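Remarks on the structure that follows.
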There are 2 protein chains.
Amino acid sequence: MSRSASPNAVAGVAALIGDPARAAILLALMGGRALAAGELAAHAGVTPQTASGHLARMLAAGVLAQEKQGRHRYYRLASAEIAETLEALMAVAARVEPRRRAPGPRDAALRLARTCYDHAAGRLGVALAEALAARGYVRLADGAAAVTEEGQAFLAALGVEIGAGRRPLCRACLDWSERRPHLAGRLGAALLEHALASGWVRRAGEGRALLLTPAGLRELPLAFGLPSDWAEERP
Amino acid sequence: MSRSASPNAVAGVAALIGDPARAAILLALMGGRALAAGELAAHAGVTPQTASGHLARMLAAGVLAQEKQGRHRYYRLASAEIAETLEALMAVAARVEPRRRAPGPRDAALRLARTCYDHAAGRLGVALAEALAARGYVRLADGAAAVTEEGQAFLAALGVEIGAGRRPLCRACLDWSERRPHLAGRLGAALLEHALASGWVRRAGEGRALLLTPAGLRELPLAFGLPSDWAEERP
DNA sequence: GCGATGCTTCGGTAACGGCCGAAGCGCGGC
DNA sequence: GCCGCGCTTCGGCCGTTACCGAAGCATCGC
C-alpha cells in the first residue's frame, strides 16, 4: 500500500509506451523535433483518428507536449526524461530480440551519429564527451553541473552558446549503441545546435540520423581534439 | 519497415512492464535479490497461478532469470539494463503523477540509501561516487572503464574485491531521487557488497531500503572521505 | 510409500482497449 | 461567404489478455 514509488504509476507510463502505434510515435519524436499529428499517424501506420486518440492520451499523461500552429498541431516529447527512458528501453529491446542480422546502411549511419532527443549521440556524441573530458573541459564526475572554468572559456571562444533554463547544465546519457556516456543536458543541446549551425552535421530527413558533412569531418577533430579514428566502428 | 530499432520491440518490452501486477513484481525485484514465485505473487496481489503466467512471459522475453532450488523457483532481474530502465520509468512516473505529499519515513529512508538492483543508490550512492571522483580514484568521464590506477590501489587496500565478468567495470547510473549519478557496474556491485560485509549498511526487509548502521555512520566517511553533511537532505 | 507444499498448466469468463467509419469543429484559401 | 483541409469526438466492432478455479507435476518431510 504505502509503496515508495507506486508500481501503478510505473505501469501506467510503461503501458503508454507499450503499444506499437504509440511506440512508433514516440520513436519518431526521438528526432527532437515536433511533428504534426498527421505525420505521426503515417509513421505509426494508423488512421488520423486513431493517432489522435493516442496523442490525446499521451498529452494528458504528460508524456507529450503540444504546440498549435494554424490548423496543425505539433507534438513533441515533453521532457528529456522521456527520451532517456526510451533509450533505455531500446537498449533492453536490442538485447532481447535476437536482432536478425540486418545492420543496413541506415543502422550504420545511426551508430555513427544521431540525435538523442535534443543532443548528439552515437560515436560522435561519445567521442565529443570523451575528448572534452580528456582536455579537462568537462568533468562528468561532478554530476549535474560539470563544465570546468576552462571549459566555459573554451566553449565561449568556440561560439557555443549555452541557453538558460531549469534543466541540468550537463548530464551523462548512456548510449544505446556505444554503451558509453555522451553529453546531454543544456550543454549537449548547445553542442548539437552549434554543430548544426556550423554545417558540421545535417539532419537526415525526419529521423534521428545525423549526416556528417565533409566540413564536419575536417573541422570537428580540430575544434574538439577528437582522435583520428573517432568515426571508426569498434567491436 | 526498415526502422532502425524497431518500435515493436520497444513496445513489447514496455508492454511487459506496463501491467500493474508485472510492474509490482519487477519493482520488488529491484532490491537485487532473487525472490520466490509465491512471494512475488503476494507482492503483486494476485493468485500464484496468475503470477506464474506473468513470470513465464517475462522469463521467455529475457527480462527475468530463473534459479531452481528444490521446490522453489527464484526469479531475479535478468540484467542491469532492466534495472536502469525501471529507474528511468520511475523518474518519469514521479514527474507525471502529482505525487501527493506523503514523504513518509519509508520514503525518507529510500532517499538516504537503497539498492538499485545490485549497487547502492540514494544519497549514499551519490556521495560515494562524488567522493571517489573528487579524490581521483574514479573518473566517470572515461565511460565504461573508469577506475584510475590510484583507485585500484585504494580499493585493494580497503579490501574491496571487484569480480570479473562481461559487465562494464564502472558505469554512471542516474539516480531517481537525487538526479545525480552514482556508481553502477561491477565496481558498484563490489562497493555494495563490501559495505554489507563490513556491517556499514544492512538490508531492511525485502525491499530496496538500506539501513545505515552506527558503524557505517562512523566509518564510511573515514574510509571514503565523504563530506560531513553527506547524509543530510538537500532541497 | 503417503500427504503436504510450491509451482505450473488448462479452460472459461469478463473486461479493457485498439481500431476504423462517420460526423463535428476550427482554421485557412479562394 | 463558401469550400477544403487537418484534427478531433463519437459509436460500435473485435481481438487480446488478465484473472481465477480446478487439476496436474514436481519436491520435501514423515
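All values below come from the heavy atoms of this structure, side chains included, with hydrogens, waters and symmetry mates left out. So you know, we letter chains A, B, ... as the sequences are listed, proteins then strands, and number each from 1. Everything quoted here is computed from the prediction, not taken from an experiment.
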Exercise answer: donor-acceptor pairs, residues 57-69 of chain A side-chain atoms, under 3.5 Å, sequence neighbours excluded:
| unit_1 | atom_1 | unit_2 | atom_2 | d |
| --- | --- | --- | --- | --- |
| A/Gln66 | NE2 | A/Tyr75 | OH | 2.8 |
| A/Glu67 | OE2 | A/Arg76 | NE | 2.7 |

Cut-off 3.5 Å, no hydrogens considered: what does the side-chain donor-acceptor table look like for residues 21-30 of chain B, sequence neighbours left out?
| unit_1 | atom_1 | unit_2 | atom_2 | d |
| --- | --- | --- | --- | --- |
| B/Arg22 | NE | B/Leu16 | O | 2.6 |
| B/Arg22 | NH1 | B/His54 | ND1 | 3.1 |
| B/Arg22 | NH2 | B/Ala15 | O | 3.3 |

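Atom-to-atom, CD1 of A/Ile17 to P of C/dG18 comes out at 14 Å; the value is rounded to the nearest Å. Look at CD on A/Gln66: it is 17 Å from P on D/dG6, rounded to the nearest Å. Between A/His54 atom NE2 and D/dC7 atom P the separation is 16 Å, expressed in whole Å. Between the CG atom of B/Leu59 and the P atom of C/dT9 there is a distance of 10 Å, given to the nearest Å. Computed from coordinates, the A/Leu40 CG to D/dT8 P distance equals 10 Å when rounded to whole Å. The distance from atom CG of A/Leu55 to atom P of C/dC19 is 12 Å, rounded to the nearest whole Å. The CD1-C1' distance, from A/Ile25 to C/dC19, rounds to 13 Å in whole Å. Distance B/Leu16 CG to D/dT17 P: 11 Å, rounded to the nearest Å.
Between A/Arg57 and C/dG17, a side-chain N or O to OP1/OP2 separation shorter than 4.0 Å is absent. A/Thr50 has no side-chain polar atom (N or O) that falls below the 4.0 Å cut-off from OP1 or OP2 of C/dG18. Checking the phosphate oxygens (OP1, OP2) of D/dC20, a side-chain nitrogen or oxygen of B/Thr47 falls inside 4.0 Å. Residue A/Ser52 places at least one side-chain N or O closer than 4.0 Å to OP1 or OP2 of D/dT8.
At most 12 heavy atoms of other shown residues, nucleotides or ligands fall within 6.0 angstrom of atom CD in A/Glu193.
For A/Gln49, the side-chain atoms get nearest to C/dG21 when compared with the rest of C/dC19, D/dG21, C/dG21. Side-chain proximity of A/Ala37 to D/dC19, D/dC7, C/dT8: nearest is D/dC7.
Residue A/Ala36 is in sugar-phosphate contact alone, with no base atom involved, counting any heavy-atom pair closer than 4.0 Å across all strands shown.
The stretch residues 67-77 of chain B comes close to DNA chain C through B/Arg71, B/His72, B/Arg73, B/Tyr75, each having a heavy atom under 4.0 Å from the strand.
Here the straight-line distance linking atom CH2 of A/Trp200 with atom OG1 of A/Thr213 works out to 9.5 Å at 0.5 Å rounding.
Here the closest non-hydrogen pair linking B/Glu87 and B/Cys116 is CG-SG, 3.7 Å.
Nearer the 5' end of DNA chain C, as judged by each residue's closest nucleotide, is the contact made by B/Ala51, out of B/Ala51 and A/Arg22.
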Intermediate values then yes/no, side chain to side chain contact (heavy atoms under 4.5 Å, CB included), A/Arg33 and A/Arg203: CA-CA 11 Å; A/Arg33 282 180 296 185; A/Arg203 293 185 185 273; 3.3 Å; yes

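For the pair B/Ile162/B/Leu191, no side-chain contact is recorded, criterion being any heavy-atom separation below 4.5 Å from C-beta on.
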